[in-house]
**Q** 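Sharing a structure, written as structure tokens. Questions coming.
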Amino acid sequence: HHLLNFRLNAWGKDVFTHTGTNLLDAFLALPARALFGPILGTNLWVLLILVGNGVGGAAIAKSVGCQRWGCALGAVLGVLNPAALFALENGRPTQAMLFFMSMWVASLCLPGTWIRGVVGGIFLGLTGLGYWYFGLLGGLLGVFAGLVRFRKLSEWKRLLMAAVVSVAIV
């Protein structure tokens, strides 16, 4: 029922820095809006958000060991995320951008070196730039993942590297 009634409120609450706090979505949407105007440009931006959410869902599925069909299901679930669709319907594209958070979560699920910590930190920092609350939740998720999963000092160093990079970005 919800998908059938979907409509985009292109002039919604926090669209493109209305409140002055959500800048990343405004910068990322700027090329589409400049090239195609406010209506078509916004719709293309929303399409890009949904594609990014799908890529993020597939990345999480891949990071926990899913094969092709599992990754495809992760992508579908990323696109059809009810919270993201609700945010878009209510004119809050910032709260629908799950790509950066998804990539942060995927980086937490994979073993790796300090380089993976830097990349994860970039995604966490971009998450925080997109929507401060997601940045806070992502940081708490990192601490929780560390407490539950990380047993080696190198894993904690990677998490610390991600924290430093994300704070530097934000």
**Q** Using side-chain contact (heavy atoms from CB on, under 4.5 Å), reason through Phe123 and Phe99 one step at a time and then give a plain yes or no.
**A** CA-CA 9 Å; Phe123 284 124; Phe99 173 75; 4.0 Å; yes

**Q** State plainly whether one hydrophobic cluster holds both Ile115 and Val118, where clusters connect Ile, Leu, Val, Met, Phe, Trp and Tyr through side-chain heavy atoms under 4.5 angstrom apart.
**A**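 Same cluster.
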
**Q** Distance-only, no hydrogens or angles: does the Asn53 side chain make a donor-acceptor pair with backbone N or O of Ala84 under 3.5 Å?
**A**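 The answer is no, because no donor-acceptor pair under 3.5 Å joins these two groups.
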
**Q** Under the 3.5 angstrom rule, does the side chain of Asn81 hit a backbone N or O of Ala83 as a donor-acceptor pair?
**A**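 Looks like yes, one N/O pair under 3.5 Å.
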
**Q** Do the side chains of Ile60 and Leu77 join up, straight or via other hydrophobic residues, at under 4.5 Å, putting them in one cluster?
**A**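 In one cluster with Ile60: Leu77, no.
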
**Q** Taking all non-hydrogen atoms of both residues, which atom of Gly120 and which atom of Ser107 are closest, and how far apart?
**A**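 Minimum heavy-atom separation between Gly120 and Ser107: CA-OG, 3.6 Å.
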
**Q** Say you draw a straight line from CD1 of Ile122 to CZ of Phe100; how long is it, rounded to the nearest 0.5 Å?
**A**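 It is 11.0 Å, given to the nearest 0.5 Å.
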
**Q** Indicate if Val165 and Leu137 have the same hydrophobic cluster label, given that clusters are the connected sets of ILVMFWY residues with side-chain heavy-atom separations under 4.5 angstrom.
**A**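 They do share one cluster, since a chain of ILVMFWY contacts under 4.5 Å joins Val165 to Leu137.
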
**Q** Side chains of Arg158 and Thr113: any donor to acceptor distance under 3.5 Å?
**A**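 No, no side-chain donor-acceptor contact under 3.5 Å.
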
**Q** Let me confirm one number: the CG-CD1 distance from Leu85 to Ile49, rounded to the nearest 0.5 Å.
**A**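 Between Leu85 CG and Ile49 CD1, I get 11.0 Å after rounding to 0.5 Å.
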
**Q** What's the spacing between Leu88 CG and Leu50 CG if we round to 0.5 Å?
**A**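 Here the rounded value is 5.5 Å.
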
**Q** Looking at Lys152, is its backbone amide N or carbonyl O close enough to the side chain of Glu155 to form a donor-acceptor pair, meaning the two atoms are under 3.5 Å apart?
**A**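 Checked: pair present.
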
**Q** When you look at Ile169 and Leu129, which way does the side-chain contact (heavy atoms from CB on, under 4.5 Å) test go after all the steps?
**A** CA-CA 8 Å; Ile169 289 173; Leu129 282 180; 3.6 Å; yes

**Q** Test your reading of the model: is there a side-chain donor-acceptor pair from Thr127 to the backbone of Met101, 3.5 Å cut-off?
**A**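 Yes: the side chain of Thr127 pairs with the backbone of Met101.
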
**Q** When you group the ILVMFWY residues by side-chain heavy-atom contacts below 4.5 Å and let the links chain together, are Leu98 and Trp132 in the same group?
**A**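 Cluster IDs for Trp132 and Leu98 match.
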
**Q** Less than 4.5 Å apart, any side-chain heavy atom of Leu108 and any of Leu159?
**A**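 Leu108 reaches Leu159 side chain to side chain.
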
**Q** For the residue pair Trp45 and Met97, establish whether any side-chain heavy-atom pair is separated by less than 4.5 Å.
**A**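 Heavy-atom side-chain distance check passes, below 4.5 Å.
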
**Q** Step by step, work out the side-chain contact (heavy atoms from CB on, under 4.5 Å) result for Trp69 and Leu73.
**A** CA-CA 6 Å; Trp69 289 108; Leu73 179 61; over 6 Å; no

**Q** Taking all atoms of both residues into account, what is the closest heavy-atom pair of Ala61 and Cys71, and its distance?
**A**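 So the minimum-distance heavy-atom pair works out to CB-CA, 3.8 Å.
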
**Q** Rounded to the nearest 0.5 Å, how far does OG of Ser63 lie from CE of Met103?
**A**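 These two atoms lie 9.0 Å from each other.
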
**Q** Which distance, rounded to the nearest 0.5 Å, do you find between the CH2 of Trp114 and the CG of Leu160?
**A**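 Rounded to the nearest 0.5 Å, the CH2-CG separation comes out at 13.5 Å.
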
**Q** Within this structure, what is the SG-CH2 distance for the pair Cys109 and Trp104, rounded to the nearest 0.5 Å?
**A**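 Going from the SG atom of Cys109 to the CH2 atom of Trp104 covers 10.5 Å.
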
**Q** Verify the cluster assignment for Val64 and Val148: are they in a single hydrophobic cluster under the rule of side-chain heavy atoms below 4.5 Å apart?
**A**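 Result: no, two separate clusters.
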
